[in-house]
Amino acid sequence: MFQDIEDNLVAAFGRQLQVRFQLDGPVSLEQPKQSSFGELAVPIAFQLARQLKRPPRQIAEELVRDLKVEGVAAFEIAGNGYVNVRLDRGVYSSRLLESAAANIRPAAAAAKIVVEHTNINPNKAAHIGHLRNAVLGDTFVRMLRARGRNVEVQNYIDNTGVQVADVVVGFHHLEGKSLSQVKALIADPAIRFDYLCWDLYARISAHYKDHPESLAWRAQTLHAVEAGEGEIAELGHLVADSIVNAHINTMLRLGIEYDVLPRESEILHLQFWATAFELLKERGAIYFEEEGKNKGCWVMPGSAFKENQSESEDDSKVIVRSNGTVTYVGKDIAYQLWKFGLLGKDFYYRRWCDYPDGHRLWSTTDGPVTEKTPEFGRAQTVFNVIDSRQSYLQDVVVAGLRALGFDKQAESSVHFSYEMVALSPRTCLEMGIPLSDEDKRKPYVEVSGRKGLGVKADDLIDKLIETALAEVDNRNADKSPAQNQLAAEQIAIGALRYFMLKFTRNSVIAFDFHEALSFQGETGPYVQYAAVRASKILREFQNRWGPLPDFEAALTPAVFADAMQDDGLWQLLLTASKRCSAIEKAISSGEPAHLAKYAFQLAQSFSNFYHEYQVINEANEVRRTVFLWLTDYVRRQLMATLSVLGIPQPSYM
RNA sequence: GGGGGCGUAGCUCAGUUGGAUAGAGCAUCAGCCUUCUAAGCUGAGGGUCACAGGUUCGAUUCCUGUCGCCCCUACCA
């Protein structure tokens, strides 16, 4: 609704520009600093002032003379030349009532958007850094889908990489475990295999450090895993598949699902890389280095992806090593080409699992299967949710597309980057992690899988549930343990997802248990609480007085116009009506944090409302009806927003 | 050395692409539960937007320089 008004205003001012000044140009709207200035402001006169060499105030007056826009009560000139827009509160409110009944969904666009996120190396349990990736990616997907975009979610599985190989080395060489022994470990319900691998990975990394000669194990193992044959390769698959399942379960706890798992093993076995390699050579995107430190490698020149156009060999990036094996970036170029349908090849797919909600998760596989499989890839736009430390590699991938002549796809490849999650020094101390004097002075300490230093995702979720459950039990002695457990889980998820979203992408999160476990202030549970209160008010009314009034009959524009003279009510209604606009803005700025902030502000606005006004006990019937409708409307908008944020709604707290 | 990011209240962070009196949460202090759940609400204190120049009607925002912090700059991913 608010979005419609915004669109109409932009169009109307655009026309005025044409008619009055014969000018084209973007018209931007902004929210006035103070609500007393109106609902929207148009600062266009300031921009025109320079061009036209006339005072902005005069221009503003000319622009709004005779201007009529539906739903707008008045335009006012303020300050040096602001055009402040005042909405017709009665008309606007009653429109909201109507559109709630219609509730038209935006039509799904045919163009496919691929969002790749999570991408955790399948060799150990997920940690809080991975959670940020998955929550950011999943929320962005929900935002896009809420606005009718056609989105496919891919979770890339590097099941043949060094990290998997290292854990295989750990089992095989360090522990001397056979394939069947590892199988037994996986089958043992008393053992958390992903946690066991977490420790094993730290141990083998330490072992390499103390015994550099043992790095030969890694090379042999990596080779066997990549080739995909023999017991070592089987062990690799066993470890990777098992850990992938652990990750899928961890993410499912947060409501995160995927459509397809493209795997590196298929990139290799189906010759995706070989095809991409031929293409890169053929079009001169990479060349064979004859001398210098990169002698014997296929490299991409630095000029392809660096600003400074230097041809220095220091800047070039090795794509194929001198031993003939391909680097990760090379495989990633092949994968990115496939996402756009540019490789001229496709995977085979098989069912990986069915989620409890019925959604089917597919995985790539290297041979035909009997069941009917969907089509993946062929995207128009690709978002890669990858942390900002890898921006250099992402630049190389995009440069690869460009060097192959796929300029449009290069433009449509978005590195959806975010900063890492580190640990606050206080949290390190709480966890008993020893810090060097140097670390103590730092604002945060980097998580390290190799050192086994970090907070495991499932541990954090468990701890959040435990904390929430204590509070829920305390407040709801009358409910069953199972009911309270469910509520605690929902609150924990709300707290965690909100925590991961409240920071903008380029800010480093210094993870702090105290902050993450807080359910007060700007947190998920605060927003959930507001929605719970709204539901409770409506339920309580129905318990006492029966069905809700017939809103559409009772609430005429005149009734609204009268009630909404109260600025408190009007601001709440206005904020609630901005849901779609808030989602759209969060999409275009690429900041899920903005939507989280919106949810918080709406919750805050509603909290103020229910403290200031008694809904059920309001004596005036018309006013009470307005309050009830407003409560219901805010509740729906709040729940819809929470759903886009992936935050579940408890029935009580 | 090169590339990128950051520096805003005691702490953690927003700041709508250059606009009106710079905002939240936490923490601190003072209030509010016989009335729809106090995971809440009201109020107070707290700012040289790192620093210095520049651009202009106007700069937290853009440009230059300085200082400080972080990340990247592998034949790891």
Just the table, please: protein N/O against nucleotides 56-63 of chain B N/O, every pair under 3.5 Å.
unit_1	atom_1	unit_2	atom_2	d
B:G58	O6	A:R50	NH2	3.3

Side-chain donor/acceptor of A:N84 to base of B:A20, under 3.5 Å: yes
Whole angstrom value for the distance that separates P of B:C71 from CZ of A:R132: 15 Å
Atom-to-atom span, CG of A:D387 to P of B:C71 - whole angstrom: 12 Å
side-chain N/O A:N506 vs B:C6 OP1/OP2, d < 4.0 Å: yes
Residues A:R497 and A:T139: side-chain donor-acceptor under 3.5 angstrom: yes
B:G15 phosphate, OP1 or OP2, under 4.0 Å from A:Q31 side-chain N/O: no
Side-chain donor/acceptor of A:R426 to base of B:C11, under 3.5 Å: no
Residues A:K597 and A:E522 bridged, charged N to O under 4.0 Å: yes
Residue-phosphate contact under 4.0 Å: A:Y526 side-chain N/O, B:C41 OP1/OP2: yes
Phosphate OP1/OP2 of B:A77 contacted by A:R321 side-chain N/O (<4.0 Å): yes
Distance-only polar pair, side chains of A:N155 and A:T118, donor-acceptor under 3.5 Å: no
Base of B:C75 paired with side chain of A:S322 (donor-acceptor, under 3.5 Å): yes
Salt bridge A:E290-A:K295, side-chain N to carboxylate O under 4.0 Å: no
N or O in side chain of A:S507 less than 4.0 angstrom from B:G7 OP1/OP2: no
Rounded interatomic separation in angstrom, taking CD from A:E471 and C1' from B:G40: 12 Å
Check: A:N384/A:Q390 side-chain N/O donor and acceptor closer than 3.5 Å: no
Listed partners of A:F288 passing ring pair (Phe, Tyr, Trp, His ring centres under 6.0 Å), at least two apart: A:W298
Near-parallel close stack of A:F37 and B:A20 base (under 5.5 Å, under 30°): yes
Distance between C1' atoms of B:U60 and B:C51 (Å, rounded): 14 Å
Sugar-phosphate only, base, or nothing, as touched by A:V508 at under 4.0 Å among non-hydrogen atoms: sugar-phosphate
Working for ring pair (Phe, Tyr, Trp, His ring centres under 6.0 Å), residues A:Y526 and A:F600: CA-CA 8 Å; A:Y526 176 94; A:F600 175 67; 5.1 Å; yes
Inter-nucleotide C1' distance (B:G65, B:C26), Å rounded: 37 Å
Paired stretches of RNA chain B - 3 or more consecutive Watson-Crick or G-U pairs, each distance under 3.5 Å: B:1-7 with B:67-73, B:10-13 with B:23-26, B:28-32 with B:40-44, B:50-54 with B:62-66
P spacing across the pair B:U64 / B:G2, given as an integer number of angstrom: 15 Å
Residue whose nearest RNA chain B nucleotide is more 5′ - A:N608 or A:A510: A:A510
Report all interatomic pairs (protein N or O, nucleotide N or O of nucleotides 34-36 of chain B) with separations under 3.5 Å.
unit_1	atom_1	unit_2	atom_2	d
B:U35	O2'	A:N617	ND2	3.4
B:C36	O2	A:I616	N	3.3
B:C36	N3	A:V615	N	3.2
B:C36	N4	A:Y610	O	2.5
B:C36	N4	A:Y613	O	2.5

A:E264 and A:T160 side chains, donor-acceptor separation under 3.5 Å: yes
Contact under 4.0 Å: A:Y529 side-chain N or O vs B:A39 OP1/OP2: yes
Interatomic distance, A:I509 CD1 vs B:U12 P [rounded to whole Å]: 14 Å
d(OH, A:Y208; P, B:C76) in whole Å: 13 Å
Residues that A:Y208 engages under ring pair (Phe, Tyr, Trp, His ring centres under 6.0 Å), provided they are two or more places apart: none
Sugar-phosphate, base or nothing in reach of A:N476, heavy atoms under 4.0 Å: nothing
C1' gap between B:A24 and B:A59, integer Å: 23 Å
Salt bridge A:E446-A:K451, side-chain N to carboxylate O under 4.0 Å: no
Write down the protein N/O and nucleotide N/O pairs, taken from nucleotides 28-32 of chain B, whose separation is under 3.5 Å; answer none if there are no such pairs.
none

Residue pair A:R579, A:Y598: steps toward the side-chain contact (heavy atoms from CB on, under 4.5 Å) verdict: CA-CA 8 Å; A:R579 179 175 63 90; A:Y598 166 77; 3.7 Å; yes
